[in-house]
A.B. asks: 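Below is one structure. I have some questions about it.
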Amino acid sequence: MNQQIDLNSDMGEGYGVWDMGNDLELLDYISSTNIACGWHAGDARRMRNLVTAAVAKNVHIGAHPGLPDLNGFGRREMVITAEDAYDFVMYQAGALQAFTHAAGAKLHHVKPHGALYNQAVKDIELARGIARAIHDLGDDIILYGLASSCFVQAAAEFKVPIWQEVFADRRYLASGLLVPRTNPRALLTDEAEALAQAIAMAHQGTVQTIDGTTIHLQADTLC
């Protein structure tokens, strides 16, 4: 199995005068940044500043498009079509791609955010809409999507490269999906437990599920 793994982090999730997270400090510890594109969080100035900082620290730049839901931080499900998913991703990732191009760099990946991500892991049509948008953005941009989910099939259909994603601080169902955040056990809050899970996924490609079984996952990038 892999002896090293890409480390990604969601960033730029403040808005206007409100800051969230220690983004600039965190860039020293990761290899990929997923930058909010303004719909669930973030704004144009944050996007530009984070692109500049990521280029300086040689961190992969990724777009983190979400549902149009600032009040709900993009975590509330919406009834959308595959065409909606395409438009949402193309619009937001295209904006970050422009900032990246202006900085003399390349958009490396797209990782959907929140409910858009979680709906698409189970809905092949939404996953296809997202994959098609990434394909049309060009330049062999990588889809970061949940391991063993609909993202894998959609990426193959549209010939989009995919890095299958695993999570250090989330518990898993036996299906390979994440335990929903509505479940009080969804998050791993113990640092040692999260570290042990991350190491097992990176080195053995395995994770223990919430019901105590062990399943295999392909782990290309760790959130």
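Not measured: the values here are computed from a predicted model. Throughout, residue positions are numbered sequentially from 1 according to the sequence presented.
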A.B. asks: Does Phe73 sit in a hydrophobic cluster with other residues, and if so which ones, taking ILVMFWY side chains as linked at heavy-atom separations under 4.5 Å, directly or through other members?
C.D. replies: Met20

A.B. asks: Going by the salt bridge (Lys or Arg N to Asp or Glu O under 4.0 Å) test, which pairs reach into residues 21-49, not counting sequence neighbours?
C.D. replies: Asp19-Arg46, Asp28-Lys57, Asp43-Arg46

A.B. asks: How close do Leu137 and Ala93 get, heavy atom to heavy atom, and via which atoms?
C.D. replies: CD1-CB, 3.6 Å

A.B. asks: Before you tell me yes or no, could you show the steps for Leu217 and Thr206 under side chain to side chain contact (heavy atoms under 4.5 Å, CB included), namely the whole-Å CA-CA distance, both residues' side-chain angles and the distance that decides it to 0.1 Å?
C.D. replies: CA-CA 6 Å; Leu217 293 172; Thr206 62; over 6 Å; no

A.B. asks: Can you name the closest pair of heavy atoms from Phe158 and His135 and give their distance?
C.D. replies: O-CD2, 3.2 Å

A.B. asks: Who passes side chain to side chain donor-acceptor pair (under 3.5 Å) against Thr52, sequence neighbours left out?
C.D. replies: none

A.B. asks: Do the non-hydrogen side-chain atoms of Arg132 and Met90 ever get within less than 4.5 Å of each other?
C.D. replies: no

A.B. asks: Please verify the inter-ring angle class for His40 with His64; under 30° counts as parallel, over 60° as perpendicular, anything in between as tilted.
C.D. replies: perpendicular

A.B. asks: With a 4.5 Å heavy-atom cut-off, do Arg171 and Leu178 have their side chains touching?
C.D. replies: no

A.B. asks: Show me the pairs that pass side-chain hydrogen bond (donor to acceptor under 3.5 Å, both in side chains) and involve residues 150-168, at least two apart or across chains.
C.D. replies: Asn8-Glu165, Lys111-Glu165, Tyr117-Glu165, Arg128-Glu157, Gln153-Glu157, Gln164-Gln218

A.B. asks: Could you check Thr214, Thr213, Ile215, Val166 and say which one makes a side-chain contact (heavy atoms from CB on, under 4.5 Å) with Val207?
C.D. replies: Ile215

A.B. asks: Scan residues 72-93 for pairs that pass side-chain hydrogen bond (donor to acceptor under 3.5 Å, both in side chains), counting only residues two or more places apart or in two chains.
C.D. replies: Asp69-Arg76, Thr81-Asp84, Tyr86-Asp136

A.B. asks: Please report the shortest heavy-atom distance between Ala120 and Phe151, naming the atom on each side.
C.D. replies: CB-CZ, 3.6 Å

A.B. asks: Please list, one pair per line, the donor and acceptor atoms closer than 3.5 Å that link side chains of residues 140-148 to other protein atoms, with sequence neighbours excluded.
C.D. replies:
| from | atom 1 | to | atom 2 | distance (Å) |
| --- | --- | --- | --- | --- |
| Tyr144 | OH | Asp6 | OD2 | 3.1 |
| Tyr144 | OH | Ser32 | OG | 2.9 |

